[in-house]
**Student:** 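Dropping the structure in here first, questions after.
Since we're looking at a predicted model, the values are computed, not measured. Hydrogens, waters and symmetry mates play no part in the numbers below; they use all other heavy atoms, side chains included.
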Amino acid sequence: MTTVELQIRDRIAILTLSRPGRYNAINQELLHDLLSGLDQVKNDAALRALIITGAGKGFCAGADLDGFGDQPSGPDVRDQLVMYYGSIIRRITMLEIPVIAAINGAVAGAGIGIALACDYKLMAITAKLRYAFVNIGLSPDAGSGWFLARAVGYAKALEIAIDGEKVEAERCKEFGLVSQVCPADELLDQAHSLAKRLAERPPLAFASTKRIMRYALEHGLTDTIAYEAEQQMIPIQSHDHQEGVAAFLEKRKPKFTGH
């Protein structure tokens with residue numbers, strides 16, 4: 001990979017989008033590299049958390065308008081959005097470990113979909129979010145509309161998307177788009193500290209909980225209760241459940257292993 005860097009330490013993976021001269025805008029190479037990096041993370045059973053961030057001054061400026069050649073046709077755009085952008089968003093959301101976005105700088109367009117697909121969003125106080133699609137005559141893609149509408153509701157989502165203006169980090173927190181705003185020079189340290197805490201949680205229970213929350217977004221109460229019961233069969237038979245109960249009774253900190 002040449003446009004995405006993968007580092008691993010303390011059972012935590014860090015994927016860094018690395019086209020800093022273009023604010024990590026997405027071209028074909030970055031699409032392929034990011035898919036490859038996410039697959040490597042998925043296939044490493046030893047990992048307990050993932051941090052996604054950007055190199056330089058930006059997190060991700062969305063699609064690189066200079067990086068895709070001639071003006072594509074409508075069907076070509078549709079197919080690329082589903083095949084590549086959709087695959088990236090699905091890979092992030094379907095990972096069974098905690099995924100943390102460390103939004104270090106400007107995030108716009110499809111980059112918002114990548115950021116909001118993560119389970120936890122930390123944002124540098126100097127960073128800004130911008131639904132820039134409308135400014136070039138386009139509508140949201142890469143899941144950015146889906147995540148925005150569910151985070152802030154229809155009216156505010158439409159306002160943000162149609163205005164196309166920059167949203168400051170503190171406003172993003174106020175809207176519920178990010179969970180934490182940090183000084184820029186502390187962002188990665190705080191993201192890593194969060195990842196370490198989450199890495200100590202029981203992996204099977206965490207994965208089941210993620211699946212339940214995603215399911216609940218699209219289903220009613222009765223169906224979700226049944227799905228929760230199905231999911232509970234997985235962790236309740238695990239060694240981690242036994243360890244958690246024993247640690248509770250013995251008044252000590254549990255040591256979860258993912259088994």
Side-chain angles (χ1 to χ4, degrees), residues 1-69 77 79-124 127-130 132 141-144 147 178 182 184 187-192 194-196 198-199:
M1 299 186 296
T2 59
T3 63
V4 173
E5 299 174 4
L6 174 60
Q7 297 174 302
I8 296 174
R9 59 188 175 103
D10 300 329
R11 300 187 301 171
I12 296 166
I14 302 176
L15 276 175
T16 304
L17 311 183
S18 188
R19 297 187 70 219
R22 300 290 295 177
Y23 287 85
N24 305 314
I26 303 168
N27 61 3
Q28 291 284 8
E29 189 174 13
L30 191 144
L31 281 174
H32 289 286
D33 284 352
L34 184 52
L35 286 169
S36 176
L38 290 168
D39 283 341
Q40 290 181 55
V41 171
K42 177 184 176 181
N43 294 327
D44 190 339
L47 293 177
R48 291 291 180 264
L50 167 65
I51 298 169
I52 300 178
T53 192
K57 297 181 179 180
F59 177 81
C60 178
D64 189 338
L65 298 182
D66 295 330
F68 290 95
V77 170
D79 293 346
Q80 177 146 293
L81 288 174
V82 172
M83 182 180 299
Y84 293 109
Y85 288 73
S87 293
I88 287 170
I89 301 305
R90 286 191 297 273
R91 277 171 168 77
I92 293 172
T93 59
M94 295 300 288
L95 282 172
E96 296 194 337
I97 58 176
V99 185
I100 301 166
I103 306 169
N104 56 298
V107 55
I112 297 173
I114 294 172
L116 297 188
C118 298
D119 302 310
Y120 300 83
K121 278 78 73 172
L122 278 60
M123 193 170 189
K128 296 177 178 63
L129 175 148
R130 189 174 197 175
D141 57 32
S144 59
F147 291 113
V178 301
C182 316
L187 178 68
L188 278 180
D189 285 341
Q190 292 200 28
H192 196 265
L194 173 60
K196 288 182 69 175
L198 294 171

**Student:** If you count heavy atoms of other groups shown closer than 6.0 angstrom to OH of Tyr23, is the number above 12?
**Tutor:**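 12 or below, so no.
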**Student:** Are the side chains of Tyr84 and Ile26 in contact, using a 4.5 Å heavy-atom criterion?
**Tutor:**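 SC-SC contact between Ile26 and Tyr84 ruled out.
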**Student:** Starting from the C-alpha separation in whole Å, work towards a yes-or-no answer on side-chain contact (heavy atoms from CB on, under 4.5 Å) for Ile88 and Leu35.
**Tutor:** CA-CA 6 Å; Ile88 287 170; Leu35 286 169; 3.5 Å; yes
**Student:** If I compare all heavy atoms of Cys60 with all of Leu17, which pair ends up nearest, and what's the gap?
**Tutor:**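 Heavy-atom minimum between the residues: CB-CD1, 3.8 Å.
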**Student:** Among side-chain atoms of Glu29 and Thr2, is any donor-acceptor pair under 3.5 angstrom?
**Tutor:**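 A donor-acceptor contact under 3.5 Å links the two side chains.
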**Student:** Scan the side chains in residues 99-116 for donor-acceptor partners under 3.5 Å anywhere in the protein, sequence neighbours excluded, and list what turns up.
**Tutor:**
from   : atom 1 : to    : atom 2 : distance (Å)
Asn104 : OD1    : Thr53 : OG1    : 3.4
Asn104 : OD1    : Gly54 : N      : 3.1
Asn104 : ND2    : Gly54 : O      : 3.0
Asn104 : ND2    : Gly56 : O      : 3.1
Asn104 : ND2    : Gly58 : O      : 3.1

**Student:** What are the two closest non-hydrogen atoms of Tyr85 and Ala142, and how far apart are they?
**Tutor:**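 Taking every non-hydrogen atom into account, CD2-CB, 3.8 Å.
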**Student:** At their closest point, which heavy atom of Arg19 faces which heavy atom of Asp64, and how far apart are they?
**Tutor:**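 Result for this residue pair: NH1-OD2, 2.9 Å.
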**Student:** Mind checking the OG-CG spacing from Ser36 to Leu31? Nearest 0.5 Å is all I need.
**Tutor:**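 If we round to the nearest 0.5 Å, Ser36:OG and Leu31:CG are 12.5 Å apart.
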**Student:** Between Val178 and Leu122, is there a side-chain heavy-atom distance shorter than 4.5 Å?
**Tutor:**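 Not in contact.
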**Student:** How long is the gap from CG on Leu194 to CG on Asp119, to the nearest 0.5 Å?
**Tutor:**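 The CG atom of Leu194 sits 10.0 Å away from the CG atom of Asp119.
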**Student:** Yes or no on side-chain contact (heavy atoms from CB on, under 4.5 Å) for Ile14 and Arg9, after CA distance, side-chain angles and deciding distance?
**Tutor:** CA-CA 8 Å; Ile14 302 176; Arg9 59 188 175 103; 4.3 Å; yes
**Student:** Work out which heavy atom in Met123 is nearest to a heavy atom in Leu129; give both atom names and the distance.
**Tutor:**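 Reported closest heavy-atom pair: CE-N, 3.9 Å.
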**Student:** Can you check whether Met1's main-chain N or O pairs, donor with acceptor, with Asp33's side chain at less than 3.5 Å?
**Tutor:**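 Looks like no, no N/O pair under 3.5 Å.
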**Student:** Given side chains that start at C-beta, do those of Val41 and Leu6 come closer than 4.5 Å, heavy atoms only?
**Tutor:**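 Heavy-atom side-chain distance check passes, below 4.5 Å.
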**Student:** Considering non-hydrogen atoms only, spot the tightest contact between Glu5 and Ser18 and give its length.
**Tutor:**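 Closest approach of Glu5 to Ser18: OE2-OG, 3.3 Å.
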**Student:** Can you measure from SG (Cys118) to CD1 (Ile51) and round to the nearest 0.5 angstrom?
**Tutor:**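 One gets 10.5 Å once the value is rounded to the nearest 0.5 Å.
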**Student:** With rounding to the nearest 0.5 Å, note down the distance linking CG in Leu15 to CD in Gln40.
**Tutor:**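 Separation between the atoms: 8.0 Å.
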**Student:** What's the separation between atom CZ in Arg91 and atom CG in Asp39, rounded to the nearest 0.5 Å?
**Tutor:**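 Spacing of CZ (Arg91) from CG (Asp39) equals 4.0 Å.
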**Student:** Is Arg48 reaching over with its side chain to a backbone N or O of Ala45, donor-acceptor style, under 3.5 angstrom?
**Tutor:**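 Pair found, side chain donor or acceptor close to backbone of Ala45.
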**Student:** Does any part of the side chain of Arg22, heavy atoms only, come nearer than 4.5 Å to the side chain of Asn27, both counted from C-beta?
**Tutor:**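 The answer is no, as the side chains (C-beta and beyond) never meet within the 4.5 Å cut-off.
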